[in-house]
Amino acid sequence: MTRPFLLLFLLCLPAFSQNLLTILNQELDRNFSILKEKADPKPYFLAYEVTSDESHIISCTLGAVVAKSSTTGRYLDVTLRVGSPKLDNYHTIRGDFPRFTSGASIPLDDVAPAIRQRVWLDTDRAYRQASQRLIQIQSGQNLNVKAGDQSDDFSLESPQRFEQAPAPLRYSEREWEGRIRAASSAVGAISGVLSSNVTFTAARKTSYLLNTEGTRLEFGRDFARVVIVAEGKAADGMDLSTVRTFEASDPARLPSQADVVKAAKDAGKELEALLAAPAVEPYVGPAILSGRAAGVFFHEIFGHRVEGFRQKSEEEGQTFTKSVGKSVLPPFLSVDFDPTRQTLAGMDLNGYYLFDDEGVKARPVKVVEDGILKTFLMSRAPIESFSHSNGHGRRQPGREVVSRQSNLIVESKKQVSSAELRKMLLEEVQRQKKPYGLYFADITGGFTTTQRRGLQAFTVIPLVVYRVYADGRPDELVRGVSIVGTPLASFAKIMATGDKVE
């Protein structure tokens, strides 16, 4: 009885000792070979991406821990293409974006039989959906009106090889719990703060990516964040909030306890002042956006409109599709998207990555040079005049890859000091015969409509806004402000920039 048991153990041991990339590579080769030999229609491309997410969160209110969690997950995404790069199952019809991957969970342990089973099941499911859709596309080709963009559905790119896991997360849970307890006590003690929360997050993401072109990648990064939120209600019932955030590539690069507590107090005091501030009426006039506010402004209003996939979809407004080689910003502004930058002006950048989610090496892309639009952010889905990826194909687990932004960096040849910027604001207030201008100190976020069926407009949601009076009165904090407008008109009115990177 001992001999068969021992033999079985020895046969199983190699399967359990393989690493994830090796297991995925073996399954990729096996499944692709079988499908190429027996399937009809045949696949011409297969890729597996596994995203491993590790996250640790501590959340406090009024000096007490209200939530603490540690989670780890592995998620599989399958990209399977049948047909040819010219026409395949990802071909868009009337603006639809097909979805073939499921983002299925796979085992955390590198146990080959369990991983292979999940990979095989998802590959089979993806193939069935892909083949069915290609048949539908081909059968409808003669019936459908041809789209304006006749570019291919997929680009061929050079295979990449790189294997380096991100550094293990290192932080003291006890230390960080103490820091955010102290910060949450500080903000919660301030008058007018009805609710508050301070959250610490430490995360580690590792990507494993292989495809039938020969790409084999393992890469990732660590990430840490502290978010401080204070909320209150004004006498007229308006809900208000203030926020402070700190982000870093490593928990050790986050601020000290004293700095976090100070930021929490500042957020509470700012909310207290905001609650007593007057509400504003609709206003059209000159304004200054702080660095943080300008960042949100460009991300929401400009960045999404230069994502490549939006230029091909007939459902999109295609604000800049026909603008390559034309002026889209003032001539003193240039815009780079650079995922290779880890830091800028001493700040850690969250849009950093080594490779995108299609295995294309990250690279800087100058989208606008001296106000002139040069290109778009590209995945491996070509558009007219742009047939290759520039390393901006990105996804979240369970979603298909689309072209997305990385680090958006605005460069200016017309930089002035803060004092000069304020002087220009007041001069413009007087020229327009307005009683005041606005200074947007902080913004929480925003949203924009890019689809054709909607108004090509945007809304940016400020948190902290001041009136700047032309008659010399002190600046006045106000509430209830939002920024609305249309992209082309708004960008045309930019007069100058500050000289500090934020």
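The model shown is predicted, which means the values in this text are computed figures rather than measured ones.
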Does a side-chain heavy-atom distance below 4.5 Å link [X] with [Y]?
| X | Y | value |
| --- | --- | --- |
| V429 | V468 | no |
| P278 | E476 | yes |
| V198 | S196 | no |
| L271 | I190 | no |
| V193 | E272 | no |
| L438 | I483 | no |
| K205 | F223 | no |

Please report the shortest heavy-atom distance between [X] and [Y], naming the atom on each side.
| X | Y | answer |
| --- | --- | --- |
| V260 | A183 | CG1-CB, 3.7 Å |
| A230 | A267 | CB-O, 4.3 Å |
| A182 | V261 | CB-CG2, 3.9 Å |
| N407 | P339 | ND2-CA, 4.1 Å |
| R292 | T245 | NH1-OG1, 3.7 Å |
| H56 | E54 | NE2-OE2, 2.8 Å |

Intermediate values then yes/no, salt bridge (charged side-chain N to carboxylate O under 4.0 Å, His left out), D122 and R125: CA-CA 5 Å; D122 250 39; R125 182 197 50 75; 3.6 Å; yes

Within the supplied structure, the quantity of interest is the number of heavy atoms (other residues, nucleotides, ligands) at a distance under 6.0 Å from [X] [atom1]; does it exceed 12?
| X | atom1 | value |
| --- | --- | --- |
| R99 | CZ | yes |
| K500 | NZ | no |
| E502 | CD | yes |

Just do the side chain to side chain contact (heavy atoms under 4.5 Å, CB included) check on R399 and T101 with the steps written out, would you? CA-CA 7 Å; R399 300 289 182 179; T101 188; 5.9 Å; no

Could you walk me through whether D475 and R422 pass the salt bridge (charged side-chain N to carboxylate O under 4.0 Å, His left out) test, one step at a time? CA-CA 11 Å; D475 294 352; R422 183 183 177 91; 2.8 Å; yes

Aromatic ring proximity [X]/[Y], centre distance under 6.0 Å:
| X | Y | result |
| --- | --- | --- |
| F376 | F320 | no |
| F162 | F355 | yes |
| F309 | F97 | yes |

Do [X] and [Y] have a side chain donor and acceptor closer than 3.5 Å?
| X | Y | answer |
| --- | --- | --- |
| T79 | R395 | yes |
| R116 | Q26 | yes |
| D222 | Y171 | no |
| T199 | N197 | yes |

Among V243, T61, T242, which residue satisfies the side chain to side chain contact (heavy atoms under 4.5 Å, CB included) criterion with V229? V243

In Å, rounded to the nearest 0.5 Å, how long is the span from [atom1] of [X] to [atom2] of [Y]?
| X | Y | atom1 | atom2 | value |
| --- | --- | --- | --- | --- |
| L354 | E218 | CG | CD | 11.5 Å |
| Y48 | L209 | OH | CG | 12.5 Å |
| F440 | S290 | CZ | OG | 10.0 Å |
| R204 | D53 | CZ | CG | 11.0 Å |
| I57 | S59 | CD1 | OG | 8.5 Å |
| T497 | L421 | OG1 | CG | 7.5 Å |

Could you tell me whether a side-chain N or O of [X] sits under 3.5 Å from a main-chain N or O of [Y], the two making a donor and an acceptor?
| X | Y | result |
| --- | --- | --- |
| D356 | G393 | yes |
| R216 | R161 | no |
| Q415 | S412 | yes |
| K434 | V284 | yes |
| T123 | V119 | yes |
| D77 | E49 | no |
| R181 | G63 | yes |
| R118 | S105 | no |
| E163 | F219 | no |
| N31 | E27 | yes |

Could you give all pairs that pass the ring pair (Phe, Tyr, Trp, His ring centres under 6.0 Å) test and reach residues 256-292, with sequence neighbours left out? Y283-Y436

Apply side chain to side chain contact (heavy atoms under 4.5 Å, CB included) to M378 and H392, showing your working. CA-CA 5 Å; M378 296 297 299; H392 282 80; over 6 Å; no

Is there a side chain to side chain donor-acceptor pair (under 3.5 Å) between S195 and E231 once you walk through the steps? CA-CA 5 Å; S195 63; E231 298 175 319; 2.8 Å; yes

May I ask you to say whether R479 pairs ionically with D236, meaning some side-chain N is under 4.0 Å from a carboxylate O? yes

Salt bridge or not between R244 and D266? Use side-chain N to carboxylate O under 4.0 Å. no

Please step through side chain to side chain contact (heavy atoms under 4.5 Å, CB included) for the pair L254 and W176, ending with a clear verdict. CA-CA 10 Å; L254 288 170; W176 273 104; 3.6 Å; yes

Residue list, salt bridge (Lys or Arg N to Asp or Glu O under 4.0 Å) with E307, at least two apart or on another chain: R310, R404

Evaluate ring-ring contact (aromatic ring centres under 6.0 Å, His included) for F200 paired with F246, printing each intermediate quantity in order. CA-CA 10 Å; F200 164 77; F246 302 97; over 10 Å; no

Intermediate values then yes/no, side chain to side chain contact (heavy atoms under 4.5 Å, CB included), F100 and L80: CA-CA 8 Å; F100 302 100; L80 194 151; over 6 Å; no

Who are the side-chain contact (heavy atoms from CB on, under 4.5 Å) partners of S172, not counting sequence neighbours? R174, E175

Applying ring-ring contact (aromatic ring centres under 6.0 Å, His included) to F491 and F297, what does each step give before you reach the verdict? CA-CA 10 Å; F491 288 127; F297 182 84; 5.7 Å; yes

